[in-house]
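Heads up: the structure comes next, in structure tokens.
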Amino acid sequence: MSNPTVGILMGSDSDWPKIKKVGVALDEFGVEYEINVMSAHRTPHAVGEYATSAEERGLKVIIAAAGGAAHLAGVVAAHTVLPVIGLPVPTPDLGGMDSLLATVQMPGDVPVASMAVGMGGPRNAGLFAVQILGTADPEMRKKFHDFKAELVGKIAAKNENLKASL
Ligand code: RP5
């Protein structure tokens with residue numbers, strides 16, 4: 001994409017199958033984004049450089065996904081004034097509780113907006129990025145109004161379907 005406003009980082013390519021709904025959500029809203037594998041532990045200097053230059057490169061939001069000792073979002077937040085969305089990735093050993101705590105338990109002064117492990121987490125990371133963009137982009141905000149209105153219709157249909165099946 002030529003003019004990305006959202007940067008998606010993940011600690012390993014093994015994360016992508018678990019978080020690809022981030023991209024699906026951003027695609028739904030026509031948001032341009034870039035994707036990179038970068039690790040807080042394996043490539044700390046690359047993470048620092050990426051986050052430090054993100055603002056001047058035109059990014060508005062960074063989504064950082066990692067599993068286990070998931071320090072990626074926090075390290076990114078340490079190097080930028082852009083809002084950072086942390087996405088804890090499910091893990092085989094501890095079920096993602098490790099990822100969740102490492103992502104969400106930030107010290108004061110360095111906020112990270114942490115999403116859920118699994119479930120709606122990846123989709124919500126994308127949607128939250130859209131909402132952030134919408135604070136300065138009326139067209140994006142209008143799209144989110146439309147999205148909310150569609151949700152009402154979808155839930156009403158679910159309600160009718162359930163009743164019809166009983
Ligand atoms: C983390 O370690 C990554 O975000 C990934 O969730 C986990 C395992 O990485 P690999 O060993 O599959 O590369 O840094």
Side-chain angles (χ1 to χ4, degrees), residues 1-137 140 144 147:
M1 298 187 185
S2 58
N3 191 25
T5 54
V6 175
I8 302 172
L9 294 184
M10 65 204 79
S12 174
D13 58 348
S14 65
D15 294 323
W16 181 239
K18 301 174 186 174
I19 68 155
K20 57 188 176 185
K21 285 185 179 176
V22 177
V24 173
L26 294 174
D27 287 339
E28 284 177 23
F29 286 83
V31 173
E32 291 196 44
Y33 54 91
E34 62 182 25
I35 301 179
N36 286 286
V37 172
M38 227 169 260
S39 165
H41 306 116
R42 292 165 173 160
T43 59
H45 297 296
V47 171
E49 283 169 18
Y50 180 91
T52 302
S53 66
E55 185 184 6
E56 68 187 30
R57 291 190 301 104
L59 294 185
K60 308 291 184 203
V61 187
I62 298 175
I63 298 169
H71 300 133
L72 184 59
V75 171
V76 170
H79 286 89
T80 183
V81 300
L82 297 177
V84 176
I85 300 169
L87 183 54
V89 175
T91 56
D93 296 321
L94 298 176
M97 183 61 82
D98 44 354
S99 319
L100 174 64
L101 295 180
T103 302
V104 75
Q105 287 295 94
M106 288 296 293
D109 301 328
V110 190
V112 164
S114 183
M115 299 293 113
V117 181
M119 292 181 39
R123 180 165 176 77
N124 282 347
L127 294 178
F128 196 53
V130 172
Q131 288 179 299
I132 293 171
L133 296 175
T135 61
D137 181 341
M140 203 58 73
F144 215 89
F147 167 72

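Atoms within each ligand, like the ligands themselves, are counted from 1 in listed order. Predicted model, so just to flag it, every value in this text is computed and none were measured.
Proximity to A66 (heavy-atom distance under 4.0 Å) selects the following atoms of ligand 1: 4 (O). Near S14, meaning under 4.0 Å from any of its heavy atoms, are these atoms of ligand 1: 9 (O), 10 (P), 12 (O). Listed by atom number, the atoms of ligand 1 under 4.0 Å from G11 heavy atoms are 3 (C), 4 (O).
Nearest protein heavy-atom neighbour of atom 5 (C) of ligand 1: D15 OD1, 3.2 Å. Atom 9 (O) of ligand 1 has S12 CB, 3.5 Å as its closest protein atom, hydrogens excluded (heavy atom only). Of the protein's non-hydrogen atoms, G67 O, 4.1 Å is the one closest to atom 7 (C) of ligand 1.
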Intermediate values then yes/no, side chain to side chain contact (heavy atoms under 4.5 Å, CB included), F147 and L127: CA-CA 10 Å; F147 167 72; L127 294 178; 3.9 Å; yes

Stepwise side chain to side chain contact (heavy atoms under 4.5 Å, CB included) check, I132 with I85: CA-CA 10 Å; I132 293 171; I85 300 169; 4.2 Å; yes

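The two residues V110 and A77 make their nearest non-hydrogen contact at CG1-CB, 3.7 Å. Listed here is the closest heavy atom pair of M38 and A46: SD-O, 3.7 Å. What you find for G11 and L72 is that their closest heavy atoms are N-CD2, 3.8 Å.
A distance of 8.0 Å separates CE of M10 from CG of N36, quoted to the nearest 0.5 Å.
Ligand 1 lies less than 4.0 angstrom from a heavy atom belonging to R42.
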